[in-house]
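Along the sequence shown, residues carry numbers from 1. Ligands are counted one by one from 1 in listed order, and the atoms in each one are counted from 1 as well.
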Amino acid sequence: MLRNILSSNFHRAGLRRTARQLSSFRQPSASVPAADAKLFTPGPLTCSLQVKQAMSVDLGSRDSQFIQIIDNVRSGLLEVAGVTESDGWTCVPMQGSGSFAVESVIGLTPKRGEGKLLILSNGAYGERMAQMATYYDIDHTVIRCPDERSVPQVDLVLETLGKDSSITHVSMIHHETTSGALNPVDMISEKVKAKYPEITFIVDSMSGFGCFDVSTKHIDYLVSSSNKCIEGVPGFAYAICRKEKLLAAKGNARSLCLDLVAQYEGLEANKQFRFTPPTHALIAFDQALKEFKAEGGVEGRRARYQHNFEVLKKGFAEMGFHPYLDEDIQGCVITTFLFPDDPNFNFEFLYEQLQQRGIVIYPGKLTKADCFRIGSIGRLFERDMLMCLDAFKAIMEEMGVKLPVTQIKPE
Ligand SMILES: *Cc1c(COP(=O)(O)O)cnc(C)c1O
């Protein structure tokens, strides 16, 4: 594409350039990447051209247009979550990747002796919460699933809460991106709150929000980021907070930059971020929210992702690959496939060959088995799924892998 732009500019400028003019003309292009890749990954993910183009302006942090954008983004996100300011909710954006916002919420758990966090983990992101708690010296306990194939069990959660009355906070992942599993957030939050209404319930809905419905009825914090299902560019994340809980946590934060209460108070006081805002990422997100609405909100977006997933699943099944997860917990955001049982299979070769064709996939993250992951989210459509499948098949044949494959069974 870049070459086309260059050559059309060329024609307009006339072809009688000297060699020196020509080389100085070409110079700036050296640092520009050749073309967009399609990212079959759960973040960073493929963004629309309009979202990227929206960023081609510079706005000052106090510019009234920018202040309006912050407002749009905050209220737009509450709308996606199905809550309002008057119902006692607020959206607090935080600079950084998704983990920054998760950490800003986890970091509000009261100090040791006054608060204890119960973390439900069935993958890398649950483990990351535990790591955050360790860094902040937050008293915590983790319920770990036997492997990434299982989801947190409500009975075990209630049993743990029954045995340990010092637990004040519970946190869990909505969609575990490690495996692609959809965790029963609504059911667990409802059962926990029914028995322990004082518990603060935290949900990392990073790759779930905007795609899967989630009830805010029994939760207090819902965290996601700019670059997941809403399809903005990376740069900030946000927590949708029950205001009462947020304000009660004032003074608990262990980090100045990640103090979510201070961030909220700053935004409320003068509508500005405390520190340099990710202006371009917010402008892009404002556009991404418009596209999200135009597609039909959560339902419309999920329909496209679900279709992408179905196309991938069918194509992979024809090559002998079946999703690692059982159907009842498999979401439509990312799919884990185990490696084929074939001596000619070489993941590095596959990865590089796909990349050369402009296709980026993810290696697996499972603790017990070798696997790869293909995402179906971002600005991707059926044609992209088919292109990915074609390339995948061609590379498998090039490697000499016999199709259909049989997959390596996990231990
Ligand atoms: C992407 C993601 C995060 C945040 O990861 P970052 O790399 O910090 O953006 C957290 N939790 C889940 C479930 C995710 O999918």
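Taking only nitrogen or oxygen atoms, main chain and side chain alike, Thr177 reaches within less than 3.5 Å of ligand 1. Geometrically, ligand 1 and Glu176 share no nitrogen or oxygen pair separated by less than 3.5 Å. Considering backbone and side-chain atoms alike, Ser225 places every N or O at 3.5 Å or more from each N or O of ligand 1. Any N or O atom pair closer than 3.5 Å counts here, and Gly98 shares at least one such pair with ligand 1.
Side-chain atoms of Asp220 come within 3.5 Å of backbone atoms of Phe201 as a donor-acceptor pair (strictly under, hydrogens ignored). Using a distance-only test at 3.5 Å, with no hydrogens or angles considered, no donor-acceptor pair links the side chain of Arg274 to the main chain of Tyr264.
Contact annotation: for Arg128 versus ligand 1, heavy atoms closer than 4.0 Å belong to the side chain alone.
Side-chain contact between Gln272 and Arg62 is present, with heavy atoms from C-beta onward closer than 4.5 Å. The closest side-chain heavy-atom distance from Thr336 to Leu366 is below 4.5 Å.
Note on ligand 1: His175 sits in its first shell, one or more heavy atoms being nearer than 4.0 Å. At least one heavy atom of Lys228 lies less than 4.0 angstrom from ligand 1.
Relative orientation of the Phe316 and Phe372 rings is tilted, given thresholds of 30° and 60° on the angle between their planes.
Which parts of ligand 1 touch Ser99 is read off a 4.0 Å heavy-atom cut-off, strictly below it: atoms 4 (C), 5 (O), 6 (P), 8 (O). The ligand atoms of ligand 1 that sit less than 4.0 angstrom from a heavy atom of Ile173 are 13 (C). Close contacts between ligand 1 and Ser207 involve ligand atoms 15 (O) [criterion: under 4.0 Å to a heavy atom]. Every atom of ligand 1 with a heavy atom of Asp204 under 4.0 Å away is listed here by number and element: 10 (C), 11 (N), 12 (C), 13 (C).
Ion pairing between Arg301 and Glu231 holds under the 4.0 Å rule for side-chain N and carboxylate O. In summary, Arg357 and Asp390 do not engage in a salt bridge, as defined by a charged side-chain N under 4.0 Å from a carboxylate O.
Ranking the protein heavy atoms by distance from atom 6 (P) of ligand 1 puts Ser97 OG, 3.4 Å first.
For the 3.5 Å distance criterion, the side chains of Gln263 and Gln95 qualify, holding a donor opposite an acceptor.
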